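I have placed the structure first, in the form of structure tokens, so that the comments after it can refer back to it.
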Number of protein chains: 2
Amino acid sequence: MNPDLATLMHSALFSHLSRKAASTLAGSALLKTYLEGDVIFRQQEQAHFFCVVLRGYVRLTRTCDSGRIASLRICEPGDVFGECMLRAGPTYPYGAEAAENCVLAQFDLAAVRKLAEDDRSVDDAVMHVLSQNLLATLNCVAEDRLHTAPQRLAAYLLRTAQAERRQGVFRLPFRKSLLAAKLGLTPEGLSRAFALLKEHGIAVQGRTIRIEDSELLRSI
Amino acid sequence: MNPDLATLMHSALFSHLSRKAASTLAGSALLKTYLEGDVIFRQQEQAHFFCVVLRGYVRLTRTCDSGRIASLRICEPGDVFGECMLRAGPTYPYGAEAAENCVLAQFDLAAVRKLAEDDRSVDDAVMHVLSQNLLATLNCVAEDRLHTAPQRLAAYLLRTAQAERRQGVFRLPFRKSLLAAKLGLTPEGLSRAFALLKEHGIAVQGRTIRIEDSELLRSI
DNA sequence: CGAACGATTGACCAGGTTCAATCCACGTGG
DNA sequence: CCACGTGGATTGAACCTGGTCAATCGTTCG
């Protein structure tokens with residue numbers, strides 16, 4: 001199977017759809033490619049679609065009146081964003097831009113609402129996605145308030161190493177500045193966090209991370 | 001109409017239910033009273049119900065391994081919490097406790113899922129609640145990262161004054177330490193924020209707030 | 001070889017937390 | 001009616017984390 005299609009089907013959205021709804025929805029997907037830095041949609045813009053990331057990374061941002069910008073979330077392949085516009089709105093509450101060259105599947109909001117009328121699994125899948133995104137965002141608040149930068153970084157590294165299953169050595173999936181945004185830090189802040197962790201069981205060589213002592217790391 | 005019932009009917013959940021589903025669900029509600037400090041449910045506990053606040057305030061908390069505790073959200077009358085357990089789970093991802101004496105309507109998760117099979121407006125209402133809570137939580141992240149304590153306090157005061165419509169003078173609906181938690185601050189931090197705002201168009205007398213210059217306040 | 005860009009490092013600063021002491025308002029009991 | 005105790009709120013001082021700004025380093029790519 002086409003790897004993009006596989007990613008789509010494994011997303012939290014599609015994995016909860018009926019077979020029929022999945023194929024209908026997949027058929028209605030608009031595949032779009034963005035280059036790093038491209039705007040996908042702007043905060044306050046009328047919402048017409050939501051997305052599933054197939055390749056690359058997307059940054060969701062919030063801009064305040066003063067012009068300052070914060071990253072709210074970094075979406076990876078398989079992640080869904082903008083789905084809350086199915087029931088809230090009418091304008092996007094955050095902006096989305098390509099954090100790397102990326103490929104998205106876009107879904108027309110009205111069309112999905114329509115499909116939901118005929119197939120109940122659509123609402124079910126949407127609720128799963130909403131719940132998942134809500135929990136992830138709550139985690140983010142908790143993480144911000146409870147843990148320091150090195151602790152958050154350590155947690156991320158342990159989590160990712162786990163997923164990669166390459167005991168102890170793996171490569172960051174993206175630039176460090178993106179990781180910084182993901183953890184709610186500046187690049188400088190991330191750098192210092194790495195520096196500190198070097199004394200606590202990890203070695204860093206560019207994007208390559210080696211966890212030398214996961215126990216020590218866990219105890220941060 | 002009984003004021004508690006009115007609050008329930010105006011909640012984001014019930015305002016999107018069909019008349020029939022609303023009355024069925026209201027009939028199945030379990031009314032419970034908690035005293036300040038009572039635990040409503042614990043983090044990691046098996047989830048059996050979700051709640052709508054009818055009176056008083058509820059604090060949602062996250063505890064980490066080290067024992068440190070952060071407030072994730074303060075729920076007011078009309079707010080819904082724990083609804084994400086309808087599709088996620090199986091254990092609560094946060095704890096809930098009464099921040100004041102309070103009255104809640106509790107709904108059995110399994111019963112609501114069952115009701116949803118017969119009445120589509122249930123899933124619709126749940127999606128609305130999830131979307132709303134997701135957006136509020138995203139706001140919280142953005143607020144934390146973009147604004148300082150005095151800015152967040154100023155925004156809260158302007159928002160609340162707006163809602164109260166008593167031009168310029170109103171009372172905080174709860175203790176200041178609760179407001180601090182709501183804004184993600186310590187009580188000391190809130191105190192200092194108030195102190196600073198006194199130079200910028202507001203006067204504080206216990207729980208009573210007078211906004212003397214809303215323009216000045218807005219410009220913080 | 002040089003330009004460009006990401007990453008790192010250092011110095012400095014601001015915002016918030018923590019801890020401790022004090023203040024204040026309120027309710028209780030003498 | 002007043003003294004006292006309690007709990008929330010405030011204030012001050014020390015500290016810490018992380019952001020900002022600027023300079024430097026290292027790599028990659030032209």
Side-chain angles (χ1 to χ4, degrees), chain A residues 35-37 57 59 64 66-71 99-101 140-141 143-156 171-200 202-209 220, chain B residues 35-37 57 59 64 66-71 74 99-101 141-155 171-200 202-209 220:
Chain A
L35 300 180
E36 176 172 338
Y57 296 88
R59 181 202 312 267
C64 68
S66 74
R68 283 168 46 87
I69 298 178
S71 297
E100 279 186 7
N101 296 346
C140 176
V141 176
E143 197 74 354
D144 277 11
R145 293 187 177 171
L146 287 172
H147 298 311
T148 66
Q151 291 172 325
R152 276 178 283 166
L153 175 57
Y156 172 84
R171 304 203 80 223
L172 295 175
F174 37 55
R175 241 178 304 140
K176 283 187 185 163
S177 57
L178 242 193
L179 176 57
K182 192 178 177 69
L183 298 176
L185 294 171
T186 57
E188 296 95 319
L190 178 65
S191 227
R192 287 181 231 285
F194 266 122
L196 192 146
L197 291 193
K198 281 170 189 165
E199 317 291 309
H200 295 265
I202 79 157
V204 183
Q205 185 70 255
R207 274 194 193 179
T208 306
I209 309 292
I220 289 286
Chain B
L35 300 180
E36 176 170 341
Y57 296 88
R59 182 201 311 266
C64 67
S66 74
R68 283 168 47 85
I69 298 178
S71 298
I74 304 298
E100 278 186 8
N101 296 345
V141 176
E143 198 74 355
D144 275 12
R145 294 187 177 172
L146 287 172
H147 298 310
T148 65
Q151 291 173 327
R152 276 177 281 167
L153 175 57
R171 305 202 82 223
L172 295 175
F174 38 54
R175 241 178 305 140
K176 284 189 184 160
S177 57
L178 242 194
L179 177 57
K182 191 178 179 69
L183 299 176
L185 294 171
T186 57
E188 297 94 320
L190 179 66
S191 227
R192 288 181 228 284
F194 266 122
L196 192 147
L197 291 192
K198 281 171 189 165
E199 316 290 309
H200 294 266
I202 80 158
V204 184
Q205 186 69 256
R207 273 194 194 180
T208 307
I209 310 292
I220 288 289

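No hydrogens, no waters, no symmetry mates; every other heavy atom, side chains included, goes into these values. Each chain gets a letter, A, B and so on, in the order the sequences are listed, and its residues count up from 1. Remember, predicted model here, so these are calculated numbers, not experimental data.
- Proximity of a side-chain donor or acceptor of B:N101 to a complementary backbone N or O of B:E36 within less than 3.5 Å is detected.
- For A:E100 against A:F174, the heavy-atom pair with the smallest separation is OE2-CB, 3.5 Å.
- Under the rule for a side chain to side chain contact (heavy atoms under 4.5 Å, CB included), the partners of A:R145 that lie at least two apart in sequence or sit in another chain are A:V141, B:A70, B:C140, B:D144.
- Taking a heavy-atom distance under 4.0 Å as the criterion, the stretch of DNA chain C touched by chain A extends 5' to 3' from C:dG6 to C:dA11.
- Rounding to the nearest 0.5 Å places OG1 of B:T208 at 4.5 Å from CZ of B:R171.
- Evaluation of the side chain to side chain contact (heavy atoms under 4.5 Å, CB included) rule for A:S71 yields A:R59, A:A181 as partners, not counting sequence neighbours.
- Across the protein-nucleic acid pair, B:L172 atom CG and D:dG8 atom P stand 16 Å apart, rounded to whole Å.
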Could you go over nucleotides 16-19 of chain D and give all protein N or O partners under 3.5 Å, atom names and distances?
from   : atom 1 : to     : atom 2 : distance (Å)
D:dG18 : OP1    : A:A149 : N      : 2.4
D:dG19 : OP2    : A:T186 : OG1    : 3.3

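- Every side chain to side chain contact (heavy atoms under 4.5 Å, CB included) that A:T148 has, sequence neighbours left out, goes to A:P150, A:Q151.
- Contact of the A:L178 side chain with the A:L172 side chain is not registered, since no non-hydrogen atoms from C-beta on lie closer than 4.5 Å.
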Quiz item: In dot-bracket, 5' to 3', how would DNA chain C read with Watson-Crick or G-U wobble pairs under 3.5 Å, [ ] for crossing ones and | for pairs to another strand?
Solution: ||||||||||||||||||||||||||||||

Quiz item: With the sugar-phosphate defined as primed atoms, P, OP1 and OP2, and the base as all remaining atoms, what B/S/- string results for nucleotides 25-30 of chain D, 5' to 3', for protein heavy atoms under 4.0 Å?
Solution: ------

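- Screening residues 180-189 of chain A for side-chain hydrogen bond (donor to acceptor under 3.5 Å, both in side chains), with sequence neighbours left out, gives A:E76-A:K182.
- Residues meeting the side chain to side chain contact (heavy atoms under 4.5 Å, CB included) test with A:S177, sequence neighbours left out: A:R175, A:P187.
- Atom NZ of B:K176 is separated from atom C1' of D:dG7 by 14 Å (rounded to the nearest Å).
- The minimum heavy-atom distance linking B:E143 with B:A155 is given by the pair OE2-CB, 4.1 Å.
- Scanning all heavy atoms of the two residues, the minimum distance from A:L146 to B:C64 falls at CD1-CB, 3.9 Å.
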For residues 193-200 of chain B, please give each side-chain donor-acceptor pair under 3.5 Å, one per line with the distance, not counting sequence neighbours.
none

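- Of all heavy-atom pairs between A:R152 and A:L183, the closest is NH1-O, 2.7 Å.
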